[in-house]
Amino acid sequence: MVRDMTTDSPTDNSKLQARRSFLRGGLAIGGAAAAAAATSGAALANGDPNILELKDWNQYPGDGVDARPYGAPSEFEEHVQRKSVPWLTADPISSVNFTPLHELDGIITPNGLCFERHHSGIAEVDPSEHRLMINGLVDKQLVFTMEDLMRFPRKNQINFLECAANSGMEWRGAQLNGCQFTHGMIHNVMYTGVPLKTLLEEAGLKGNAKWLLPEGADASGMTRSVPIEKALDDCLVAWKMNGEALRPEQGYPLRLVVPGWEGNMWVKWLRRIEVGDKPWHHREETSKYTDLMANGKARRFTWEMDVKSVITNPSPQAPLKHDKGFTVLSGVAWSGRGKVSRVDVSLDGGRNWQAARIDGPSIDKSMHRFYFDFDWDGSELLLQSRAIDSEGYVQPTKDALRAVRGENSIYHNNGIQTWHIKKDGTVENVEVS
Ligand code: MTE
Ligand code: CO
């Protein structure tokens, strides 16, 4: 267990702020609002300086419109950060950091908080010098500039990207204390780009074209074999994320989007696509990104990310800050096979389940947001969420997963997560069996 990564303890000030905004916006919520109003009423009687005293921002004009040509978050949000796990990798060049899922809501991951996974650091590519080549089993070998690509008909897609190693450190038991670290190798972004199918049709596929080898322009020379059926189905060659240019961390100026499939295949800084008639069996699909089974054999080409969910609030980095009473529980769910059709929540370690409310857009191979509003009686809880996708696949328990896959795996851990809520509202990563 990694204690020093549990941060974000609330200050009294932030508690007060939260109560004030609840009072302002919450008049229609009935019992819960009444309870909050009573607390705020007491604060008012004691002369809450946050109400009675003028602040600087009440009296002096702020920055003008020229001060922030490309905006950044409020300085009070400085604690909201991607974080790494220091002992996990030998150096930060070939490493990973994690999306702070417990600080986010809705379904879109802000660009500056998308987790990063680099095998050779961030390539700083000049788009005017960047080229995309298509070669191999095609009628015409082609080279595109960025301007060339932008002349093709465009498409927008919201998709999650999950690293196959997400939750990998949890295979043998509960270890990392925070959903940022247990589940944060995921982001959910709207991409703009040209369908890969359009570019392949421009080049003209030969009859024996069965596989593609996308290659990155970074020093790792990342390559993966992608079957032609997937390439012609829903892959995108993308240059925008959430409306703005890809961030350098995410592969600026060009990346491959492979919806629902493991993040490793989403080649960043995409420079070349070779068309072939069989897979290449490169490093990332042999020694890595394969699943070692109990009998010593490895499963290969396990591309799809199966249905999965996690409760983000409360969680170890986001403890319950109020006494018993009305409580909003929230989390995210996703499936590489389609939509999430249902999420169930258990308060007692999986004995009883109740349906959560999915809110916001429900999109194929995208993150879904769920809420579960309940009256916390102040007792200890064992919180779990279990997602079910549009194919009818049900997220398994960790025990069920290990019964099939053994103890040796790293990748494709979609087991049910348990958070132990203590009476004081603090939360710990545990396992139940
Ligand atoms: N592409 C290149 N060129 N180099 C890389 O190191 N890492 C891969 C993939 N594409 C990688 C890459 C891995 S393992 C993952 S999980 C995703 O990119 C991470 O994407 P992100 O950094 O946008 O989160
Ligand atoms: Co990865």
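First listed ligand is number 1; within each ligand, the first listed atom is number 1.
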Does ligand 1 have a heavy atom under 4.0 Å from the side chain of S220, from its backbone, from both, or from neither? side chain

Can you list the ligand 1 atoms lying under 4.0 Å from a non-hydrogen atom of G216? 3 (N)

Would you mind telling me if ligand 1 is within reach of the side chain of W266, the backbone, both or neither, using heavy atoms under 4.0 Å? backbone

Within the 4.0 Å heavy-atom shell around L161, which atoms of ligand 1 are there? 20 (O)

Heavy atoms of T99 and F115 approach each other most closely as OG1-N, 2.9 Å

Tell me, yes or no, whether the heavy-atom count around E244 atom CD, taken from other residues, nucleotides or ligands under 6.0 Å, exceeds 12. yes

Which of the numbered atoms in ligand 1 are under 4.0 angstrom from any heavy atom belonging to H187? 21 (P), 23 (O), 24 (O)

Could you check whether E202 pairs with R151 (Lys NZ or Arg NE/NH1/NH2 to Asp/Glu carboxylate O, under 4.0 Å)? no

Among all protein heavy atoms, pick the one closest to atom 16 (S) of ligand 1 and tell me residue, atom and distance. C163 CB, 3.3 Å

Just wondering, do V307 and I388 contact through their side chains at under 4.5 Å, heavy atoms? no

What are the atoms of ligand 1, with element, lying closer than 4.0 Å to any heavy atom of W269? 2 (C), 3 (N), 4 (N)

Closer than 4.0 angstrom, basic N to acidic O: yes or no for R386 and D344? yes

Atom 19 (C) of ligand 1 sits nearest the protein heavy atom R117 CB, 3.7 Å

Between E285 and R300 (salt bridge meaning N to carboxylate O under 4.0 Å), is one present in this structure? no

Tell me which protein heavy atom sits closest to atom 24 (O) of ligand 1, plus the residue, atom name and distance to 0.1 Å. F115 O, 2.6 Å

Count the heavy atoms belonging to other residues, nucleotides or ligands that lie under 6.0 Å from NZ of K140, then report whether that count exceeds 12. yes

Considering heavy atoms of the protein only, find what lies nearest to atom 20 (O) of ligand 1 and give residue, atom and distance to 0.1 Å. R255 NH2, 3.0 Å

Give me the atom names and distance for the closest heavy-atom approach of V427 to N177. O-ND2, 4.3 Å

Near V267, which atoms of ligand 1 are under 4.0 Å from a heavy atom of that residue? 1 (N), 10 (N)

For the aromatic rings, using the six-membered ring if either is Trp, is the centroid distance between W303 and F301 under 6.0 Å? yes

Heavy-atom proximity to atom 22 (O) of ligand 1 ranks first, among K268, E284, Q250, E249, for K268

Considering only the protein, which heavy-atom contact is closest to atom 3 (N) of ligand 1, and what is its distance? D218 OD1, 2.8 Å

Closest approach of any protein heavy atom to atom 9 (C) of ligand 1, naming residue and atom: G263 O, 3.3 Å

Using heavy atoms and a threshold below 4.0 Å, how should the contact between L270 and ligand 1 be classified: side chain, backbone, both, or neither? neither

Going by an N to O cut-off under 4.0 Å, is there a salt bridge joining K206 and D139? yes

All heavy atoms of R369 vs all of I107, minimum pair found to be N-CG2, 3.7 Å

I need the contact type for N264 against ligand 1. Using non-hydrogen atoms and a strict under-4.0 Å cut-off, is it side chain, backbone, both or neither? both

For a distance under 2.8 Å, give residue and atom name for each protein N, O or S atom next to the Co ion (ligand 2). C163 SG

A217-ligand 1 polar pair, N/O distance under 3.5 Å: no

Would you call R357-D373 a salt bridge at under 4.0 Å N-O? yes

Member of Q250, E116, H118 meeting the side-chain hydrogen bond (donor to acceptor under 3.5 Å, both in side chains) criterion with K268: H118

For the CG atom of L196 and the NZ atom of K230, what is their distance to the nearest 0.5 Å? 11.0 Å

Within the structure, does Y289 bring an N/O atom to less than 3.5 angstrom of an N/O atom in ligand 1? no

Classify the side-chain pair T327/H322 by whether it contains a donor and acceptor separated by less than 3.5 Å. yes

Where ligand 1 meets H118 - atom numbers and elements under 4.0 angstrom, heavy-atom basis: 6 (O)

